[in-house]
Amino acid sequence: MADSTICLEMLKILPGRVRISEPMKKHTSWRIGGPADVFVTPANREELRLAVSYAYEREIPLTIIGAGTNILVADEGIRGVVVKVGCGLDRISVDDNMVIAESGAKLSKVAAVVRDAGLGGFEFSAGIPGNIGGALVMNAGANGTAIGTRVKEVLLLNQAGCFFKKTIDEINFGYRSSALQHDSAVVVEAVFSCYHRDKEAIKHEMEVFIKRRKETQPLHYPSAGSIFKNPPGDSAGRLIEAVGLKGERIGDAQISTLHANFIINLGEARARDIMMLVERARNSVLGHFGIELKPEVKVVGYQ
Ligand SMILES: Cc1cc2nc3c(=O)[nH]c(=O)nc-3n(C[C@H](O)[C@H](O)[C@H](O)COP(=O)(O)OP(=O)(O)OC[C@H]3O[C@@H](n4cnc5c(N)ncnc54)[C@H](O)[C@@H]3O)c2cc1C
């Protein structure tokens, strides 16, 4: 089915929510990525359900994104339908120590609401960008813990348009991994269990985490955070630095001089520049240390 036909049909179902040939660089923290054939921003659950089942019923490839802070989108863009889960699907509520957040809510907003309610449990996330859906899929974490440790259950939407729940046992959270990465379902909402804690203590701990990030990460440049997962007992940044690749540059993509596990966009970097640097770092570390680095960032759009 031609993009324009998909777009026209979807516009009828979701007026004002559909764009054709949308540059993905506008929706990724790396500011990289070619056009999405059809780009949809549902404003509520029903619109999300309609977009997902429309693509599924017509066998059109479907890509779900959140804030785009952990994805590398191909220079050629993404074929089919891209659904961005964000504004409109971002409600947050607190009931005693339980927190319910929709997947389009910013992780930082959830952490602030939780802190202001005098609840501990999200301190670790201070400074991690992105939305709740992406955080759950990636099991985003820092400072020795990750979001999966707080999850009670997750509400999902399957491609046939049915909502269903999964408990923490079914999600199998691991280091930057979860069963959600191998599931075609969309994360819609999650219930988190927190604990009562002094607000000032929470605030102080989060400020310390943010200060440390500012000192150690190249936050003034577009990036997607850490490129590789840390191998057991070591750090990917240390290994990449040890093979002499700090500051290595291809086009406008550069291995950060501040933190070697970050690749920054100095201006007009392309996805292929990033991919080449990733390969160079991976091969060098494998050659020197016999350690195979595994990417943390998800590549989207390459065939
Ligand atoms: C400066 C910087 C610092 C960072 N620091 C950290 C850190 O300390 N720790 C850490 O873990 N990460 C870190 N990250 C990476 C990133 O912020 C997290 O992985 C974040 O949780 C991704 O959320 P997102 O909404 O941007 O997801 P996206 O990048 O949009 O998507 C990530 C993956 O989740 C899928 N996805 C997203 N939303 C949904 C949904 N609703 N349903 C189903 N699938 C979905 C996408 O298909 C994709 O596979 C950092 C990134 C940057 C730029």
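Counting starts at 1 for both ligands and their atoms, following the listed order. Note: hydrogens, waters and symmetry copies are ignored here, and every other heavy atom, side chains too, is used.
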Before giving the answer on salt bridge (Lys or Arg N to Asp or Glu O under 4.0 Å), spell out for E189 and K165 the whole-Å C-alpha distance, their side-chain angles and the decisive distance to 0.1 Å.
-> CA-CA 9 Å; E189 183 180 88; K165 288 180 179 171; over 6 Å; no
Would you mind writing out a table of all protein N or O atoms found under 3.5 Å from any N or O atom of ligand 1, naming both atoms and giving the distance to 0.1 Å?
from: ligand 1; atom 1: 5 (N); to: R213; atom 2: NH1; distance (Å): 3.2
from: ligand 1; atom 1: 8 (O); to: R213; atom 2: NH1; distance (Å): 3.3
from: ligand 1; atom 1: 8 (O); to: R213; atom 2: NH2; distance (Å): 2.7
from: ligand 1; atom 1: 9 (N); to: G141; atom 2: O; distance (Å): 2.7
from: ligand 1; atom 1: 11 (O); to: G141; atom 2: N; distance (Å): 2.9
from: ligand 1; atom 1: 11 (O); to: G141; atom 2: O; distance (Å): 3.4
from: ligand 1; atom 1: 11 (O); to: R176; atom 2: NE; distance (Å): 3.1
from: ligand 1; atom 1: 17 (O); to: T69; atom 2: OG1; distance (Å): 2.8
from: ligand 1; atom 1: 17 (O); to: P129; atom 2: O; distance (Å): 2.9
from: ligand 1; atom 1: 21 (O); to: A135; atom 2: N; distance (Å): 3.4
from: ligand 1; atom 1: 25 (O); to: A67; atom 2: N; distance (Å): 2.9
from: ligand 1; atom 1: 25 (O); to: N131; atom 2: N; distance (Å): 2.9
from: ligand 1; atom 1: 26 (O); to: G68; atom 2: N; distance (Å): 3.2
from: ligand 1; atom 1: 26 (O); to: T69; atom 2: N; distance (Å): 2.8
from: ligand 1; atom 1: 26 (O); to: T69; atom 2: OG1; distance (Å): 2.6
from: ligand 1; atom 1: 29 (O); to: T69; atom 2: N; distance (Å): 3.1
from: ligand 1; atom 1: 29 (O); to: N70; atom 2: N; distance (Å): 2.8
from: ligand 1; atom 1: 30 (O); to: G66; atom 2: N; distance (Å): 2.7
from: ligand 1; atom 1: 30 (O); to: G68; atom 2: N; distance (Å): 2.9
from: ligand 1; atom 1: 38 (N); to: G134; atom 2: N; distance (Å): 3.4
from: ligand 1; atom 1: 41 (N); to: V187; atom 2: O; distance (Å): 3.1
from: ligand 1; atom 1: 42 (N); to: V187; atom 2: N; distance (Å): 2.8
from: ligand 1; atom 1: 47 (O); to: I64; atom 2: O; distance (Å): 2.6

Should K214 and L219 count as side-chain neighbours, where that means a heavy-atom distance under 4.5 Å?
-> yes
Please confirm whether R58 makes a cation-pi placement over Y54, using NZ or CZ under 6.0 Å from the six-membered ring centre and within 45° of the ring normal.
-> yes
Quick one: does D273's side chain have a donor or acceptor within less than 3.5 Å of a partner on R270's backbone?
-> yes
Can you tell me if E123 uses its side chain to pair, donor with acceptor, with the backbone of G121 under 3.5 Å?
-> yes
Indicate yes or no: does K12 engage E9 in a salt bridge with an N to O separation below 4.0 Å.
-> no
